[in-house]
Structure formats: C-alpha cells, structure tokens
*Asks:* 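Please find one structure pasted underneath; my questions will follow.
Model, not experiment: these values are computed from the prediction.
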Amino acid sequence: MLEILYQDEYIIAINKPSGLLVHKSFYARDAKVYAIQELRNQIGQHVYPIHRLDRKTSGVLLFALDAAILKIMNDRFATRKVEKKYLAILRGWSPEELTIDYDLTNDDDVTQNAITYFHRLQNAEVALAFNNKPTSRYCLVEAIPETGRMHQLRKHFKHIFHPILGSRPHGCNKQNKLWLENFDLKGMMLHAHQLIFNHPISNEQLILNAKINKEFSKVGAILNLDLSKYQ
C-alpha cells in the first residue's frame, strides 16, 4: 500500500518509495510496477501525475484526480508557484549555502536554464578510509530547485563536486562502491521531503511533508546525523 499524505476530491499526494517509477519509461523497460497504476488500483479511480520524481528519489508526489485540475496545477508548476524541498546527503562538506545557476542539456540536446538553491544543515565525518585518508566527510543539505529539469539536483551537485551519495550515473562511482561494500547501500540519498502550494480550488496553502525512508535513516545513523524531525 502506498502511503497517502493528502487526499480530497481534487488532488492526492503520496510518499513515493525509492525504486518506484511514476509511469512507464523508455529508460526503465524492466519495470512492471508504476506509481500511477498502484495508486489507481488502491483508490479505485484514475489519477494524473502533476510532476515527476526520479525512480530512485523518494518523497512527496502529487496527482490530480481529473484533467481540469491537472491543467491548473501544471500551470502553477510551470510558473514556479509551487515550492519543492529536498533532503540530500552529499560527499564532502559543501558551502553553507549556494545558488547553482548552471544550464543543463536534455536528451534531445536542448540546453535549458537550471537553477538550484541549497543550504547545508549538518556536517558529518566518519572513520571510513577513502583516497588514502582515514576518514570520509559528508553533509546533509536542503535543496530547493527553482526549475525542474531532468536529474537537475543530481547534475548540479555533481557540477560543484559534492555529488549525492548513491547517485548513478551522476555521482561518485568510487564512493558508491565504498558504501555498497561496507554498508550494502543501493539507494540514492535524495528525498523530496516537502511540497508547498495553494490548493487548486480553495486556494488555501498546503504544506505536505513526507517522512524519510528506512535506508535514508540508516545512512543518517551511520553518519550520526540528527534526522529526528524528518522521521
């Protein structure tokens, strides 16, 4: 059963598990289960995804329950009237805060402006030898993308040399191997923890929060991060 965060007659939001595709994709033809069909079967009616999350990204995922509401919410996402907040665990100690304004090229070779603001929440250093050093450093950040390009956060954090732990291919393969061998980490440490927007009909502000998953909590415990407010 999918965890439902909010539901009324117009919209529904879930906490999407890591590893679940939103819908069928050319890039993941091996998948046989999708969020759209799982939610449709769970509530007994058609649902329309308003936005997307990567397969390996967990967190708040919003659906419309009819085509008219879908159009309203698509317009609000397009005009940046929806705020999306993500938690990510990065390699190294990032700047305290930064706005990354770095264009990205999509699969059709079209270059698009892409902007991400983030601020660092906590630092961590653990006794995990890497690159001839006795310890490894990581940090927890909250990221707020102003644009919504494919793999934007993964590409932006790689661009500033602080890749998201567990990200493939936009990550550090050596770090990913280190964590796979030492801690059996197979997921990606990126979680859409909050979505803020006005309701399409009442215009009341909604703040939807999604708890982190077990694997994110496990990594947080290894790094001695305080994730209590997100669990």
*Asks:* Listed by chain and number, what are the side chain to side chain donor-acceptor pair (under 3.5 Å) partners of Gln45, not counting sequence neighbours?
*Replies:*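 Checked Gln45 against side chain to side chain donor-acceptor pair (under 3.5 Å); zero matches.
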*Asks:* Within the side chain of Glu142, is there an N or O that forms a donor-acceptor pair under 3.5 Å with the backbone of Leu87?
*Replies:*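 Such a contact is absent between Glu142 side chain and Leu87 backbone.
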*Asks:* Just by modelled atom types, is the Asp226 backbone N or O under 3.5 Å from a matching donor or acceptor in the Gln122 side chain?
*Replies:*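 Looks like yes, one N/O pair under 3.5 Å.
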*Asks:* Parallel under 30°, tilted from 30 to 60°, perpendicular over 60°: which one fits the rings of His199 and Tyr10?
*Replies:*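 Rings of His199 and Tyr10: perpendicular, over 60°.
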*Asks:* Among all residues two or more places apart in sequence or in another chain, which pass the ring pair (Phe, Tyr, Trp, His ring centres under 6.0 Å) test with Tyr6?
*Replies:*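 Not a single residue meets the ring pair (Phe, Tyr, Trp, His ring centres under 6.0 Å) criterion with Tyr6.
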*Asks:* With side-chain contact (heavy atoms from CB on, under 4.5 Å) as the test, pick out the partner of Leu90 among Leu190, Val141, Leu165.
*Replies:*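 Running side-chain contact (heavy atoms from CB on, under 4.5 Å) over Leu190, Val141, Leu165 with Leu90 returns exactly one hit, Val141.
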*Asks:* Exactly one of Met73, Glu83, Lys81, Lys84 should register a side-chain contact (heavy atoms from CB on, under 4.5 Å) with Phe197. Which one does?
*Replies:*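 Answer to the side-chain contact (heavy atoms from CB on, under 4.5 Å) test with Phe197 among Met73, Glu83, Lys81, Lys84: Met73.
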*Asks:* Distance alone, cut at 3.5 Å: any donor-acceptor contact between the side chains of Glu146 and Thr116?
*Replies:*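 Note: Glu146 and Thr116 side chains miss the donor-acceptor criterion.
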*Asks:* On the 0 to 90° scale, with breaks at 30° and 60°, tag the His159-Tyr102 ring pair as parallel, tilted or perpendicular.
*Replies:*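 Parallel.
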*Asks:* Quick one: list whatever passes side chain to side chain donor-acceptor pair (under 3.5 Å) with Thr79, sequence neighbours left out.
*Replies:*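 Thr79: no side chain to side chain donor-acceptor pair (under 3.5 Å) contacts found.
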*Asks:* Is it true that Asp54 and Arg154 have a side-chain N and a carboxylate O under 4.0 angstrom from each other?
*Replies:*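 Salt bridge present between Asp54 and Arg154.
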*Asks:* Hey, any chance Ile164 and Tyr86 share a hydrophobic cluster, counting ILVMFWY side chains that come within less than 4.5 Å of each other, even indirectly?
*Replies:*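 Yes: a chain of side-chain contacts under 4.5 Å links Ile164 to Tyr86.
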